[in-house]
There are 2 protein chains.
Amino acid sequence: MPSPTTRAYSRYALAAMELLGKMIRLGRLRRKLTAQELAERVGVSRSTLQRIEKGDPKVEFGLMLEAAAIVGIKLFDEDEKGVMALSERADDRIALLPKHIYKAGTQADDDF
Amino acid sequence: MPSPTTRAYSRYALAAMELLGKMIRLGRLRRKLTAQELAERVGVSRSTLQRIEKGDPKVEFGLMLEAAAIVGIKLFDEDEKGVMALSERADDRIALLPKHIYKAGTQADDDF
DNA sequence: GTAGAATGATCTATATATGATCCATATCTA
DNA sequence: TAGATATGGATCATATATAGATCATTCTAC
């Protein structure tokens, strides 16, 4: 409902985005790549890379991860096989839960 | 240079995005939230939440992290303070490196 | 010190992500 | 099983992210 202009992000999300941006910049400098060079490898313009390294919440999710991967940052501390394994485990766990959530005559939500 | 339509993502990045999407869905089901409910909390439409849970590379980076945070997924395995601490350490390390990277009479890039 | 290169910041046009809506299907509750 | 609700998918108009360009500034190598 809120127009994307009005969008608000939690402080935690903002901090995490900023951190990833800084990690990408650090990785780039360590690998002695210019902004232009990294931008080309990621497949974006230099201006977009600037936003990536600032941790701008509005950049494409895929671009952040692509840039991170190129400079050697692996989320989840896993290589490709590890990520795929985790993905299957997630599938398994999802399969154990109800497919739909019903709120007909329900009260709250949280527990565990 | 490449039109955003043509954009290609590495397999690793794609796998990581898909994993995060599944983790978000798992978190939502465990907390017994309907798609509509989580979408409202994130501040997006249900259709966008569908793309988030699919790990669509084109959703805003901030939305992925916001949704993840709401269902209790913390990247970097850190709380807000931990993330900010890491952020400062990243600043320190960046400060130790040259501000500009020069490629005048240079050869390769990698080392570390 | 100086020249040249990299970076930061800003602006505009255009491609596109998002919100809204609708329909069909699946699946839970009673 | 029936009825109600959640979900998946597709479409379209609109707000907006991105590419590209320009200019000023900062830094490095020489």
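Throughout, protein chains are lettered first and strands after them, A, B, ... in sequence-line order, and every chain is numbered starting at 1. All values below come from the heavy atoms of this structure, side chains included, with hydrogens, waters and symmetry mates left out.
- Residues B:Glu53 and B:Arg28 meet the side-chain proximity criterion, which asks for heavy atoms closer than 4.5 Å.
- The stretch residues 71-83 of chain A participates, sequence neighbours left out, in these side chain to side chain donor-acceptor pair (under 3.5 Å) pairs: A:Glu80-B:Arg11.
- Taking the nucleotide of DNA chain C with the nearest heavy atom to each of B:Asp56 and A:Ala35, the more 5' of the two is matched to A:Ala35.
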Sequence neighbours left out, cut at 3.5 Å: what donor-acceptor pairs do the side chains of residues 82-93 of chain A make with other protein atoms?
{"from": "A:Ser87", "atom 1": "OG", "to": "B:Lys22", "atom 2": "NZ", "distance (Å)": "3.1"}
{"from": "A:Asp91", "atom 1": "OD1", "to": "B:Lys22", "atom 2": "NZ", "distance (Å)": "3.2"}
{"from": "A:Asp91", "atom 1": "OD2", "to": "B:Lys22", "atom 2": "NZ", "distance (Å)": "2.9"}

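- Computed from coordinates, the B:Lys54 NZ to D:dA10 P distance equals 7 Å when rounded to whole Å.
- Salt bridge absent: A:Glu18 and A:Lys54 never bring a charged side-chain N and a carboxylate O closer than 4.0 Å.
- Nearest to the side-chain atoms of B:Ile101 among the listed nucleotides C:dG19, C:dC28, C:dT7 stands C:dT7.
- You'll find a donor-acceptor pair under 3.5 Å spanning the side chain of A:Tyr102 and the base of D:dT5, going by distance alone.
- Side-chain nitrogen and oxygen atoms of A:Lys58 include at least one within less than 4.0 Å of the OP1 or OP2 phosphate oxygen of D:dA17.
- Comparing A:Lys99 and B:Ser47 by the nucleotide of DNA chain C whose heavy atom lies nearest to each, the residue mapping closer to the 5' end is B:Ser47.
- Remark: the B:His100 side chain and the D:dT28 base include no donor-acceptor N/O pair separated by less than 3.5 Å.
- Contact annotation: B:Lys103 side-chain N/O to D:dA29 OP1/OP2 distance is not under 4.0 Å.
- At the heavy-atom level, B:Leu49 lies nowhere under 4.0 Å from the strands shown.
- Among the atoms of the strands shown, only primed sugar atoms or phosphate atoms (P, OP1, OP2) are found under 4.0 Å from some heavy atom of B:Thr34.
- Closest approach to the B:Val44 side chain among C:dT7, D:dT7, C:dG19 is made by C:dG19 (side chain taken as heavy atoms from C-beta onward).
- In this model, the phosphate group of C:dG8 is approached by a side-chain N or O of A:Arg25 to a distance below 4.0 Å at OP1 or OP2.
- For the pair A:Leu63 and B:Gln36, both in contact range of DNA chain D, the more 5′-proximal nearest nucleotide belongs to B:Gln36.
- Dashed line: the shortest gap from a side-chain N or O of A:Arg46 to OP1 or OP2 of D:dT22 is not under 4.0 Å.
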